[in-house]
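Every heavy atom of this structure was used, including side-chain atoms; hydrogens, water molecules and symmetry mates were not.
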Number of protein chains: 2
Amino acid sequence: MSATDRQVADRLHSAAIHLLRHVRTVDSKSGLTASRLSALSVIVFGGPISISELAEAEQVRPPTISRLVKELEWEGLVSRQRDTRDRRVIRIRATSKGKRLLFEGRERRVAKLAERVAGLSPDERERLAEAAATLERFSLPADHPLS
Amino acid sequence: MSATDRQVADRLHSAAIHLLRHVRTVDSKSGLTASRLSALSVIVFGGPISISELAEAEQVRPPTISRLVKELEWEGLVSRQRDTRDRRVIRIRATSKGKRLLFEGRERRVAKLAERVAGLSPDERERLAEAAATLERFSLPADHPLS
DNA sequence: TCATTTCGTTAGCTAAGCTAATGATTGTGG
DNA sequence: CCACAATCATTAGCTTAGCTAACGAAATGA
């Protein structure tokens, strides 16, 4: 691990913190926070999925997801169903309302960022597009269904 | 704002979420979380700074910073001093312990990321370094003292 | 069958964000 | 000069999101 690697990591770290703080400012309107958006997107695109699988995909512990799903269900965004094969597991799927809200809420957050992207010079915009693609490859744990 | 801008923003958004989840796993050892690290770094490098200034730099509300500073002070990482000119404001500065912990704690988080950076191909590593530099320019609100 | 493992939940803790209200100080218009 | 307005920080009280430990229900296997 070189000194450069550390510098790169440091920059990514700071940038991630500040980017998320920035987008968080629009959450009041959507009612969907970062965690919910992320989980909901895995549910929407990852099909019916169990609590454990979801926890792993989101890199958090089962109780965290368990509660999150309870809240999403409470708001009618997802539904749960016991697996008939293995009655311990629960399959979670998005409702149509959940799918709709996912796209809308994500759009709000992303639009907030996109505003800033749009304000850059064409040159810098091109660089940022490349950076985003690279970063996506780097940040995804390979087995992550989407996000 | 083009469709591409949205896609770029979307990728940055997801990547930020997952990167922070990743580094968070080492916080138990350091005792310094993402928010504390970030604030402490502003205090260390931004010299004596008021609560309001700190809140603005960190893009959060004053009460959030007020509590954070109280905790940092409680742990002996920063000290506060009333401004003699304007006795409403409080100037916060890092203690030597605070400075030391900043570098150590930051190092731990960053090392976690750097591990992953180091595991990439030279080619991809080069791309990521460029991405990090670009991202740093993008994510900083220009007036942000450091981090 | 009975012990172990796995899946999900509950309980209870911490951190970090917010708004609203308050106290202390400063600044200002009559 | 003084009363009122504005500013700075804090407190109180709420929410979300993470964690571990403990537990019940279901499956697995010796």
Give a yes/no on whether any side-chain N or O of Lys70(B) is located under 4.0 angstrom from OP1 or OP2 of dT11(D). yes

Dump the intermediate steps for salt bridge (Lys or Arg N to Asp or Glu O under 4.0 Å) on Arg127(A) and Glu124(A), then the final yes or no. CA-CA 5 Å; Arg127(A) 269 195 218 103; Glu124(A) 192 71 357; 2.5 Å; yes

Please work out which residues in residues 61-69 of chain B have a non-hydrogen atom less than 4.0 Å from an atom of DNA chain C and list them by number. Arg61(B), Pro63(B), Thr64(B), Arg67(B)

In this structure, how many angstroms lie between the P atom of dG23(C) and the CD1 atom of Ile51(B), rounded? 20 Å

With heavy-atom distances below 4.5 Å as the criterion, would you say the side chains of Arg137(A) and Arg11(B) are in contact? no

Could you tell me how far apart Glu71(B) (CD) and dT14(C) (P) are, to the nearest whole angstrom? 11 Å

In this structure, how many angstroms lie between the P atom of dG8(C) and the CD1 atom of Ile49(A), rounded? 10 Å

Start at the 5' end of DNA chain D and walk down; is the nucleotide closest to Val60(A) or to Arg91(B) reached first? Arg91(B)

Just checking Gln81(B): does its CD atom have more than 12 heavy atoms from other residues, nucleotides or ligands closer to it than 6.0 angstrom? no

Should Val89(A) and Val69(A) be counted in the same cluster of Ile, Leu, Val, Met, Phe, Trp and Tyr side chains packed under 4.5 Å apart? no

Protein-nucleotide distance (Leu54(A), atom CG; dC7(C), atom P), rounded to Å: 14 Å

Do Leu102(B) and Lys99(B) touch side chain to side chain, with heavy atoms closer than 4.5 Å? no

Is there side-chain contact between Ser79(B) and Glu73(B), with heavy atoms separated by less than 4.5 Å? no

May I ask you to check whether over 12 heavy atoms, not counting those of Arg82(A), lie within 6.0 Å of atom CZ? yes

CD of Gln59(A) versus C1' of dG18(D): gap in Å, rounded? 13 Å

When you check the phosphate oxygens OP1 and OP2 of dG17(C), does a side-chain N or O of Ser35(B) lie under 4.0 Å from one of them? yes

Can you name the atoms? Protein N/O to nucleotides 23-30 of chain D N/O, anything below 3.5 Å, with the distance.
| residue | atom | partner | partner atom | Å |
| --- | --- | --- | --- | --- |
| dA27(D) | OP1 | Arg87(A) | N | 2.9 |

Do Leu68(B) and Ser35(B) make a side-chain contact, defined as non-hydrogen atoms from C-beta onward lying under 4.5 Å apart? yes

Is any NZ, NE, NH1 or NH2 atom of the basic residue among Lys97(B) and Glu104(B) found under 4.0 Å from an Asp or Glu carboxylate oxygen of the other? no

I need the CD-C1' distance between Glu56(B) and dA9(D), as an integer number of Å. 16 Å

